[in-house]
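Just so we're on the same page: letters track the sequence lines, and every chain starts at 1.
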There are 2 protein chains.
Amino acid sequence: MSDSIHHVVIVGAGFGGLEVAHRLAGAPVRITIIDQRNYHLFQPLLYQVATASLAASEIAWPIRHLLRERKEITTLLAVVTDIDSADKRVLFEDGGAVSYDTLVLATGAQPAYFGHDEWKPYVGGLKTVEDAITIRRRVLLSFERAERETDDERRAALLTFIIVGGGSTGVELAGTIAELAHENLPKDFRHIDTQKARIILIEAGPRILPDFTKDLAAYAQAALERLGVEIELGRPVRDCTDNGIVFDGRNVAAKVILWAAGVRASPAADWLGVPADHANRVKAKPDLSAPGHPEIFVIGDTGSVDGWHGKPVPGIAPAAKQQGHHVATTIKLRLRGDSAPRPFRYKHAGSLATIGKRSAIIDFGWIRIRGWLAWWLWGLTHIYFLIDVRSRLAVALSWLWIYASGDRSARLITQDEQRSTLP
Amino acid sequence: MSDSIHHVVIVGAGFGGLEVAHRLAGAPVRITIIDQRNYHLFQPLLYQVATASLAASEIAWPIRHLLRERKEITTLLAVVTDIDSADKRVLFEDGGAVSYDTLVLATGAQPAYFGHDEWKPYVGGLKTVEDAITIRRRVLLSFERAERETDDERRAALLTFIIVGGGSTGVELAGTIAELAHENLPKDFRHIDTQKARIILIEAGPRILPDFTKDLAAYAQAALERLGVEIELGRPVRDCTDNGIVFDGRNVAAKVILWAAGVRASPAADWLGVPADHANRVKAKPDLSAPGHPEIFVIGDTGSVDGWHGKPVPGIAPAAKQQGHHVATTIKLRLRGDSAPRPFRYKHAGSLATIGKRSAIIDFGWIRIRGWLAWWLWGLTHIYFLIDVRSRLAVALSWLWIYASGDRSARLITQDEQRSTLP
């Protein structure tokens with residue numbers, strides 16, 4: 001394809017980046033999409049990989065396969081380390097580079113530990129497939145070690161699971177681990193009673209699920225407590241170590257600590273030399289471009305733009321997709337000569353969170369639903385948004401199996417370096 | 001349960017070990033089954049995990065979950081490092097130990113490199129889930145790197161895949177990688193023609209598939225060649241490096257070398273201080289006990305016993321299961337006071353191998369089948385032997401999808417340490 005055609009480079013094939021590519025179909029552009037992984041990940045269900053309910057391949061698809069029919073798109077597996085915005089080039093870790101006319105940065109976020117990077121070895125964040133499989137290994141290994149432990153205190157620590165952060169991810173992790181311990185595992189062990197495992201959800205704020213109404217959050221809290229989750233509110237974590245956490249002046253002994261408390265955006269602001277907010281997101285202009293760079297857009301977790309009850313647009317999949325759509329439309333209009341700034345307007349479709357496999361809360365704004373009906377709606381919605389028919393069938397099969405048999409099928413302890421015969 | 005009950009300790013929950021446990025149901029024994037992994041793996045389909053056709057959780061099941069209804073069985077996740085046969089104790093890596101009355105060693109085998117352990121970093125053996133995912137990563141990464149490579153010679157090396165060993169595993173890997181490269185991937189790439197990828201199967205012996213008749217092996221060879229596999233016979237590999245292999249006086253440049261040429265049994269013979277054969281298998285007595293240790297049985301890849309046309313019983317799943325059955329019967333008879341030695345008699349049910357997704361060869365002895373009918377028989381047989389209904393449904397779904405769409409669903413590059421945010 002000729003180099004004179006307008007070249008759109010998209011960094012990051014998450015919900016936002018992929019939406020830009022989809023919405024540019026038929027536009028007079030060539031596109032390069034770059035990601036450091038070879039797959040698009042359906043992040044909202046990643047906690048189910050971490051809790052042994054789904055296989056990673058059920059919620060992830062090779063990017064280049066998704067885009068195979070779009071001959072004007074080139075997919076590259078590469079790690080971006082900087083942007084040369086003067087020369088309009090994206091620079092790669094391996095020394096390579098690619099030039100752009102328009103650049104879309106949709107590079108996402110990583111777990112952030114309130115500035116305590118020293119906690120990282122002890123707490124499991126949940127952003128990548130590897131993270132999810134590592135969490136799965138740690139949780140399952142803790143039960144295995146408890147089964148062989150003869151010291152009461154050490155056994156109790158092995159059977160204590162701490163989840164830091166009371167947003168949707170924390171609630172979903174806590175509910176699923178509680179079901180795993182209290183419902184799925186008891187018959188499998190001989191020396192421990194997995195029903196006595198403690199699942200503790202810690203939230204520094206005054207309540208869980210701050211993005212939901214107080215009523216729905218209270219309902220979710222009661223549902224979690226029925227599953228046996230202990231909820232600790234209003235006191236932040238002071239320290240995380242190999243032996244547990246310090247919190248509220250106490251040390252709580254635990255061998256598994258999961259982190260769902262905060263994220264930090266990729267270093268896009270540093271690459272561009274533009275201001276960032278507290279979570280390192282580029283302070284975007286109303287049209288989602290980066291300040292001083294009208295040809296560079298920052299979407300999803302990469303940028304911060306106001307537009308939700310006076311707060312920044314939330315870092316969720318539907319918001320990233322709306323932004324991707326908006327940017328693609330802007331690019332197409334500009335190519336037709338219409339360069340008037342078009343402010344992005346966010347439409348909040350709703351908030352959803354599940355509590356285990358029987359209950360959920362949904363806030364559509366105009367209607368609020370909770371309980372089993374919400375769970376089925378949540379499930380159908382998520383299956384609908386999965387990318388292909390095979391994944392829909394596979395996830396539906398896995399869920400129906402869990403629902404009917406109580407058996408979580410992906411209970412494998414893998415990715416242990418010592419157990420591989422290969423380097 | 002009282003310690004006075006006869007205690008059977010089984011090391012290894014593969015096909016042989018698990019069969020002993022199943023066949024001892026109802027016997028007046030208590031059982032401890034020990035494995036260094038938490039899952040039973042359906043090894044015959046592991047090559048499909050390595051070639052992006054199946055997810056690991058579709059062919060692996062938590063051991064303790066499989067045995068959850070058997071209250072007399074304790075499952076332990078532990079690494080065995082030695083046997084104290086004088087004191088009748090199994091010793092663990094972590095300092096623990098367990099005493100036995102009867103011991104069954106079903107500890108399997110690992111890839112062996114003809115005494116060239118220095119080749120190990122460059123060649124991928126296929127024995128564990130981690131091995132399979134590592135092979136998958138290497139194969140898929142090689143295509144990704146080729147897409148970005150500008151040097152013709154280096155690109156050719158990235159698109160050359162060498163499989164060493166012409167037995168069933170080598171044939172199945174070669175056929176599936178050829179289909180992946182020549183049929184599934186071409187539309188996904190822009191700069192490379194994956195149809196030009198070279199898949200080279202190297203066998204030191206005079207023909208592939210020595211366990212099959214000459215006719216069937218010749219049919220398989222022709223079917224592989226139709227898929228675009230190059231077959232090199234009669235010349236052993238002389239060296240393996242980061243840049244490829246030396247073979248027949250030539251250097252063949254390749255970045256991915258897969259090893260299906262030989263295995264070496266676990267160190268059970270060392271633990272017991274008894275003679276081993278060339279593959280480190282304990283030379284078992286006709287009743288499958290270890291020489292000088294009537295209370296210790298060695299089955300599957302751990303032991304070697306004659307019984308197949310004057311050759312040792314082959315290291316395949318049905319043989320291990322028959323041996324497990326035999327040992328369980330022997331244990332039950334002994335507990336009833338019948339200690340007469342009972343020689344094991346192997347019944348060879350048949351040999352099967354697939355060539356890609358359309359052809360297979362089956363030798364039942366009394367009838368030989370080849371082509372698409374053999375493939376369907378092979379598929380149905382393997383689905384039948386999977387352990388639970390969910391796996392049967394999931395594998396059937398994955399295969400039908402591959403058959404109908406040509407899309408292999410598990411094409412994820414994962415388990416890359418650098419890409420995890422966790423240690």
Please classify the contact of [X] with chain A as side chain, backbone, both or neither, using a heavy-atom distance under 4.5 Å.
{"X": "B/I133", "result": "neither"}
{"X": "B/R148", "result": "side chain"}
{"X": "B/L66", "result": "neither"}

Which of these passes side chain to side chain contact (heavy atoms under 4.5 Å, CB included) with B/L393: A/L397, A/L393, A/L400?
A/L397

I would like to know whether A/K187 and B/E69 meet side-chain contact (heavy atoms from CB on, under 4.5 Å); could you show each step before the answer?
CA-CA 7 Å; A/K187 284 180 87 173; B/E69 303 294 346; 2.8 Å; yes

Sorted by chain and number, sequence neighbours left out, side-chain hydrogen bond (donor to acceptor under 3.5 Å, both in side chains) with B/S398 holds for B/E58

Smallest separation among heavy atoms of [X] and [Y], with atom names:
{"X": "B/H191", "Y": "A/T74", "value": "NE2-CG2, 3.6 Å"}
{"X": "A/R190", "Y": "B/L67", "value": "NH2-O, 3.3 Å"}
{"X": "A/N38", "Y": "B/I413", "value": "OD1-N, 3.0 Å"}

Point-to-point distance, once rounded to the nearest 0.5 Å, from CZ of B/F189 to NE2 of A/H65
11.5 Å

Show me the donor-acceptor pairs within less than 3.5 Å that the side chains of residues 48-56 of chain B make with the rest of the protein, sequence neighbours left out.
{"from": "B/Q48", "atom 1": "OE1", "to": "B/W399", "atom 2": "NE1", "distance (Å)": "2.6"}
{"from": "B/T51", "atom 1": "OG1", "to": "B/Y47", "atom 2": "O", "distance (Å)": "2.8"}
{"from": "B/S53", "atom 1": "OG", "to": "B/R408", "atom 2": "NH1", "distance (Å)": "2.7"}

For the candidates [options], which exhibits the highest count of non-hydrogen atom pairs separated by less than 4.5 Å from chain A?
{"options": "B/R70, B/R145, B/E144", "result": "B/E144"}
{"options": "B/Y39, B/W61, B/W401", "result": "B/W401"}
{"options": "B/A60, B/A78, B/P62, B/G96", "result": "B/P62"}

Other residues, nucleotides, ligands: >12 heavy atoms within 6.0 Å of B/R68 CZ
yes

Given heavy-atom pairs under 4.5 angstrom as the criterion, report whether the side chain, backbone, both or neither of A/F92 touches chain B.
side chain

